[in-house]
Amino acid sequence: MRPVHVYNTLTRRKELLRPVNPPVVGVYTCGPTVYDYAHVGNLRAYVFADTLRRVLETAGYQVRHVMNITDVGHLMSDADEGEDKMLAGARRERKTPLEIADHYTRAFFEHAQALNIRRPTVVCRATEHIPAMIQMVRTLLERGYAYEIGDGVYFDVSRFAEYGRLSGLDLEAQEAGARVGVNPEKRHPADFALWRKADPQHLMQWDSPWGRGYPGWHIECSAMSMQYLGDRIDIHTGGADHIPVHHENEIAQSDAVAGHRVVQVWMHNEFLLVDGGRMGKSLGNAYTLDDLRQRGFHPLAFRYFCLNAHYRTKLNFTWEALEAAARALDRLWEAVYQLASCHRPGGRPPAELEEAFGEAVRDDLGLPRALALVWQVVRDEPVPAPVALDLLSRWDEVLGLGLDEAAAGRLGPVADPIPAEVLSMVEERRVARAARDWERADAIRQRLGDMGYTVEDGPEGPRVRRLRAIDAGQ
RNA sequence: GGCGACAUAGCCAAGUGGCAAGGCAGCGGUCUGCAAAACCGCUAUCCCCGGUUCGAAUCCGGGUGUCGCCUCCA
């Protein structure tokens, strides 16, 4: 196992990863709330978690990756207010919550797969772990960390001294400036729901010692992460927005039950901005993978786009930037394909190159630096083709950019089927060129260009290809 | 108002004390009927003002600007 350093939000420092049970590394990733399609901001978070897993695996670790599917309890506001998102989704589409959850869960994994995101070792649904959550709430009550009031059971943040450490919040200061809590029975505005009592019409409810109801959103992650990874978890990942509320609450619940720190390292990816500003469903710029596909982008172009920036910096999504990523990836695929068709004798890859790649990715996931090395191998470095191909193939275990597929001609410019109409135009143009009818040949090329295709006249005749990577599945 | 970030070329961005990665776009060249692709080459007073240092994009102070979270949302 090679040493891996990661940035820990809790200590605000880069740390050497020391798993509790090497070579196993337990990683818990906050998964989607399946009430709608994931947008590109969500997807960045999962690409990040996936690259973390891949880096750990190539470093020699055995990763036990657990991801939750939230299908109940996540209210419209993180402050325990509003409607349950699942119910809102169900009402919107006039379906049952279960149908909604199934549909969007399937869509989520389809999109994840298209992005070459490896499926977690364990995928767990909140609604299938209600008893574990109830047990946890019961323990918290028994130990005096929680109290019951009219509409549910709440965690008492005043009982947990470390509350606020992850986000650097000062509870006292918070209280002074806090807006008035909606629920006057709560002892402290930051107290959060562990269990909520439901009225009889509520669609999702379960029996509990506190009457019929449903779990608070945060408890599912504490219950499931500890069920599958034990009470000492190596890494927990999520988006930066979860630091102040969700993860703070998770720490409070889990640590209170375990009696010690449960999660060793907290890793958070920064937000994706759109056109330099916030992305939001209400702003109409919360694009989904299908939106990208409809604009002609291959899903892996988005993965490349994410890899090109460090996960802890804000990434500005613009169509122009995605276009740049798509072109770069397409050229990479083409270059790999060309390398694969060379049969010059090989050799050993320069050790420095290989070492540089490993060091980059094991240093808090330095994927942008790793990508720069990829281009060095492809372009500048005088590495023999078979060596370069071998190197890129192994590096792609981390990158996940489909380079083996590209080498085999199943991705990239050569892979996409060319419409018969286009092929016949190319043939028509070939004849025109043979007759030295340049005017006609150029006119045809112009029309092909308008259709999204380009023709290259090489020694072996014309070659036609589409202008950029598109999703062949569309 | 509270908290937290960031400011590097036209665009997306690496780089946390020692001559400024990479990609996209652009320009020049080789090649081409002309192109394209490919290859070669070119393109940055690192927001401003002070300070620390032999040396700062990198550290410290001040300023300006932008953004995020606190409400949808990873």
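Lettering follows sequence order; numbering is per chain, from 1.
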Centre of A:Y228's six-membered ring, under 6.0 Å away, within 45 degrees of the axis: is that where NZ or CZ of A:R64 sits?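 Verdict for A:Y228: no cation-pi partner in A:R64.
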Take A:P244 and A:M279, find for each the nucleotide of RNA chain B with the closest heavy atom, and name the residue whose nucleotide sits nearer the 5' end.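 The residue whose closest nucleotide sits nearer the 5' end is A:P244.
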Which is more 5' along RNA chain B, the nucleotide nearest A:Y304 or the one nearest A:R429? Just name the residue.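 In this pair, the answer is A:Y304.
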Mutual orientation of the aromatic rings belonging to [X] and [Y] [parallel < 30°, tilted 30-60°, perpendicular > 60°]:
{"X": "A:Y287", "Y": "A:F317", "result": "tilted"}
{"X": "A:W266", "Y": "A:H247", "result": "tilted"}
{"X": "A:H236", "Y": "A:Y28", "result": "tilted"}
{"X": "A:H202", "Y": "A:Y214", "result": "parallel"}

Expected list for residues 430-438 of chain A: side-chain donor-acceptor pairs under 3.5 angstrom, two or more places apart:
residue, atom, partner, partner atom, Å
A:R430, NE, A:E427, OE1, 3.1
A:R430, NH2, A:E427, OE2, 2.9
A:D437, OD1, A:R440, N, 3.2

[atom1] gap between [N] and [M], integer Å:
{"N": "B:U43", "M": "B:C6", "atom1": "P", "answer": "30 Å"}
{"N": "B:C60", "M": "B:U53", "atom1": "P", "answer": "16 Å"}
{"N": "B:C67", "M": "B:A56", "atom1": "C1'", "answer": "26 Å"}
{"N": "B:C47", "M": "B:U8", "atom1": "C1'", "answer": "10 Å"}
{"N": "B:G22", "M": "B:A5", "atom1": "P", "answer": "30 Å"}
{"N": "B:C12", "M": "B:C3", "atom1": "C1'", "answer": "29 Å"}
{"N": "B:G61", "M": "B:G2", "atom1": "C1'", "answer": "24 Å"}
{"N": "B:U52", "M": "B:A14", "atom1": "C1'", "answer": "27 Å"}

Tell me the interatomic distance from [X], atom [atom1], to [N], atom [atom2], rounded to whole angstroms.
{"X": "A:D330", "N": "B:A36", "atom1": "CG", "atom2": "C1'", "result": "14 Å"}
{"X": "A:W319", "N": "B:C24", "atom1": "CH2", "atom2": "C1'", "result": "17 Å"}
{"X": "A:L273", "N": "B:G68", "atom1": "CG", "atom2": "P", "result": "7 Å"}
{"X": "A:I243", "N": "B:G2", "atom1": "CD1", "atom2": "P", "result": "20 Å"}
{"X": "A:Y337", "N": "B:A38", "atom1": "OH", "atom2": "P", "result": "15 Å"}
{"X": "A:I444", "N": "B:A35", "atom1": "CD1", "atom2": "P", "result": "19 Å"}
{"X": "A:N269", "N": "B:C69", "atom1": "CG", "atom2": "C1'", "result": "14 Å"}
{"X": "A:F357", "N": "B:A14", "atom1": "CZ", "atom2": "P", "result": "16 Å"}

Whether the side chain of [X] and the base of [N] hold a donor-acceptor pair under 3.5 Å is what I'd like checked.
{"X": "A:R445", "N": "B:A35", "value": "yes"}
{"X": "A:D241", "N": "B:G68", "value": "no"}
{"X": "A:R379", "N": "B:C39", "value": "no"}

For RNA chain B, what are the stems built from at least three Watson-Crick or G-U pairs in a row, each pair having both distances below 3.5 Å?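 As far as RNA chain B goes, consecutive pairing (with distances under 3.5 Å) yields the stems B:1-7 with B:64-70, B:10-12 with B:22-24, B:26-30 with B:38-42, B:47-51 with B:59-63.
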Would you mind classifying the nucleic acid contact of [X] as base, sugar-phosphate or nothing, using non-hydrogen atoms under 4.0 angstrom?
{"X": "A:G238", "value": "sugar-phosphate"}
{"X": "A:H268", "value": "nothing"}
{"X": "A:G277", "value": "sugar-phosphate"}
{"X": "A:V455", "value": "base"}

Using the test side-chain hydrogen bond (donor to acceptor under 3.5 Å, both in side chains), find all partners of A:D275 that sit at least two apart in sequence or belong to another chain. none
Taking side-chain hydrogen bond (donor to acceptor under 3.5 Å, both in side chains) as the definition, give me every residue that meets it alongside A:T237, ordered by chain and number, with sequence neighbours left out. A:T29
By a strict heavy-atom criterion of less than 4.0 Å, which residues belonging to residues 358-369 of chain A are in contact with RNA chain B?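 Contacting residues: A:P368, A:R369.
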Kindly give the atom pairs (protein nitrogen or oxygen, nucleotide nitrogen or oxygen) under 3.5 Å for nucleotides 10-12 of chain B.
residue, atom, partner, partner atom, Å
B:C12, OP1, A:N316, ND2, 3.1
B:C12, O3', A:N316, O, 3.4
B:C12, O2, A:N308, ND2, 3.2

Just to verify, what does [X] make a salt bridge (Lys or Arg N to Asp or Glu O under 4.0 Å) with, not counting sequence neighbours?
{"X": "A:D390", "answer": "A:R394"}
{"X": "A:E334", "answer": "A:R463"}
{"X": "A:E397", "answer": "A:R118"}

Does [N] have its OP1 or OP2 closer than 4.0 Å to a side-chain nitrogen or oxygen of [X]?
{"X": "A:T454", "N": "B:A37", "answer": "no"}
{"X": "A:R433", "N": "B:G33", "answer": "no"}
{"X": "A:R331", "N": "B:G22", "answer": "no"}

For the side chain of [X], counting heavy atoms from C-beta on, which of [options] is nearest?
{"X": "A:K314", "options": "B:A37, B:A74, B:G4", "answer": "B:G4"}
{"X": "A:N42", "options": "B:A74, B:G68, B:G33", "answer": "B:A74"}
{"X": "A:A441", "options": "B:G33, B:A14, B:C24", "answer": "B:G33"}

Do the charged groups of A:K95 and A:E93 touch, with an N to O distance under 4.0 Å? yes
Can A:R293 and A:D290 be counted as an ion pair, charged N to O under 4.0 angstrom? yes
Go through the structure and list residues passing ring pair (Phe, Tyr, Trp, His ring centres under 6.0 Å) with A:F271, not counting sequence neighbours.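 Not a single residue meets the ring pair (Phe, Tyr, Trp, His ring centres under 6.0 Å) criterion with A:F271.
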By a 5.5 angstrom centroid cut-off and a 30 degree plane limit, is there stacking between A:F271 and B:A74?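 Here the ring of A:F271 and the base of B:A74 are stacked, with centres under 5.5 Å and planes under 30°.
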According to the 5.5 Å centroid and 30° plane-angle thresholds, does A:W438 stack upon the nucleobase of B:G33? yes
Dump the pairs, protein N or O against N or O of nucleotides 64-66 of chain B, anything under 3.5 Å, distances to one decimal.
none

How long is the gap from CG on A:D71 to OH on A:Y35, to the nearest 0.5 Å?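 Answer for the CG-OH pair, A:D71 versus A:Y35, is 14.0 Å.
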Separation between CD (A:E359) and NE2 (A:H5), nearest 0.5 Å, reads 11.0 Å
Taking side chain to side chain contact (heavy atoms under 4.5 Å, CB included) as the definition, give me every residue that meets it alongside A:A372, ordered by chain and number, with sequence neighbours left out.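 In terms of side chain to side chain contact (heavy atoms under 4.5 Å, CB included), with neighbours along the sequence ignored, A:A372 is linked to no residue.
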